[in-house]
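What follows is one structure encoded as structure tokens, with my remarks underneath.
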Amino acid sequence: MATSTIDQPLAGLEALRKAGVKGLDRVVAVRVNGELCDISFVPDGDAKLEPVYVDSDEGLEILRHSASHVMAMAVKELFPGVKVTIGPAIENGFYYDFDYERPFREDDLPRIEEKMHEIVKADYPFIRKEMSSREAVEFFEARSERYKVELIEDLGVERVSLYTEGSFTDLCRGPHVPSTGRIKAFHLTKVAGAYWRGDEKRPMLSRIYGVAFHDSKALKEYLRRLEEAKKRDHVRLGAQLGLFSTHEEIGAGMVVWHPKGALLRHVIEEFEIREHLRRGYEIVKGPQILKTELWKRSGHFENYRENMYFTEIDNQSYGIKPMNCLSHMLIYNSALRSYRDLPKRYFELGLVHRHERSGVLHGLLRVREFTQDDAHILCTPEQLDQEIKGVLDFVKDVMGIFGFEYDLEISTRPEKSIGSDDDWDRATKALIKAMEDNRLPYQINEGDGAFYGPKIDVKLKDALERKWQCATIQCDFTLPERFNLFYIDKDGQKHRPAMIHRVILGALERFVGILIEHYEGAFPTWLAPVQAIVLTVTDRNIPYGEKVLRSLQDAEIRVQADFRNEKLGLKVREAQLQKIPYMIIIGDRESQEEGVTPRLRSGQNLPFVQLKEFIDQIQEEIRQRR
Ligand SMILES: [Zn+2]
Ligand SMILES: [Zn+2]
């Protein structure tokens, strides 16, 4: 069991021991009648107690948050005059925001970490003390901790709790681990600026991030993954592979596609068009800007305006489209539709603009201008189930081709939304039914739907098991109502169609970013913007090299050549850095026998083959999307 220097009774822990709970040395807190408390908490007789283990989700959160107190104490000891603010647990770790005479720097971190180790070694207990808010304000005022004073005043409660470990006392609700010695494995990762309470009119604070785990093995594994993620960083690889760039002088969140990146996009777009056509979709295209009046009718102006850009033509206000729905509905409405015409599946590689805060923009993953593989399916209510199933099958096929596994979530009505309760209910039930009919496991994500309808979100998992939201399937009865869409049913009467909004890959920009990291830039042959490169050993091999180049081009293989009078080793290294699947090295034997000796980017040499045979092989690989 835990040996602790705590001099107050560990009542909660004692109670757990009496109840015969095992593994008490791994218990960091106790759940009393469902509420998380310190293990020193004194429960009354009939309270229901459960242990919270350090390696559980809640235990880790408590550990990480406790680590933020330890960091704050270390920073206070090292940097006199620093003011503390808040320090929550976050995914994998914690942060604490400080106000200091200068921002903290990366090179401050080793010192702070060293101090934290001292504090952990000293094994100070976390001691809870409750007092009136007035007393607490006096306490923090005496220490010039004005952020704490503001927090207490804003809380507006009678009593607050303070926690002390060693020399440091912080305002906190708790719970915490029993003592600092429990914090075994942590690492400070980075510094950043953050406004006090996220408000840009308030002071800029200095934030220090750290990670913490229940043991050093878990920490090491996390750091290894972090290193791996850095190697796969799509912004770095995007530059190395000549795929894309972003430019301050163009504007934040706008991507410039270089030849290889644009070609990669083209390959994906061509793939998408084929896959949609063979599933009965029709390709459509709407304009980039539409009158603001129309955005008012759809509810976008009311519910989505802050994400939109507006412009003016001839004194008339226009909105730049953030979604592609409206034109598709007008296409539907351009003719009288019968039940026999349904379903209608309109597909558009739709360029959209959405305003995202500059702080969240990142490479290709969060941008302000992007292309969605968007479609709207208009169908009878009876066809809805089948159509949702069709989209789910589509997602399954496509994710299989790219090698992604995924989870499914259903997001329900958000606060800001349009449409009747009845419509939301029908739409949500339709999505749930489709999932259950197909025996697909799913989670419910309360309040995260689109403003016009609930949705199924597809969270794919990449090679590092990170989750990404890409495909969504949204069910909507409201926009068909607002745009007066109808079809004539068997009874000769007008009926409302249901509408499915769906994307499969989502934003192509983002999907390409995910693909770069997933494959670490080494795209499978069918996707690689350059599939092969022809390299000559000496100048006398150039004539045959040119013949090979032309043959591959004629076979529609995306090929480059490097006939420079440079050492072969250098040419091979450069091609490897470009992660080109095949290097075709042309020496004397190849020239004389009219064949090739392909070399893979891994460095592996394949046997000598006739040129025709090599072309057949690579074409088969592309056909099979490998
Ligand atoms: Zn705390
Ligand atoms: Zn839509």
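Counting starts at 1 for both ligands and their atoms, following the listed order. Scope of the values below: all heavy atoms of this structure, side chains included, with no hydrogens, waters or symmetry mates.
- A ring-centre distance under 6.0 Å is not found for Tyr346 and Tyr281.
- Other residues, nucleotides and ligands contribute only 12 or fewer heavy atoms inside 6.0 Å of the NZ atom of Lys190.
- At a threshold of 2.8 Å, the Zn ion (ligand 2) has no backbone or side-chain N, O or S atom of His328 nearer than that distance.
- Figure legend: Arg510 and Phe370 shown without cation-pi pairing, the cationic atom not lying both under 6.0 angstrom from the six-membered ring centre and within 45 degrees of its axis.
- Closest approach between the Zn ion (ligand 2) and any N/O/S atom of His501 involves ND1.
- Rounded to 10°, the angle formed at the Zn ion (ligand 1) by His69 NE2 and His65 NE2 is 110°.
- Residues Val70 and Tyr124 fail the side-chain proximity criterion, which asks for heavy atoms closer than 4.5 Å.
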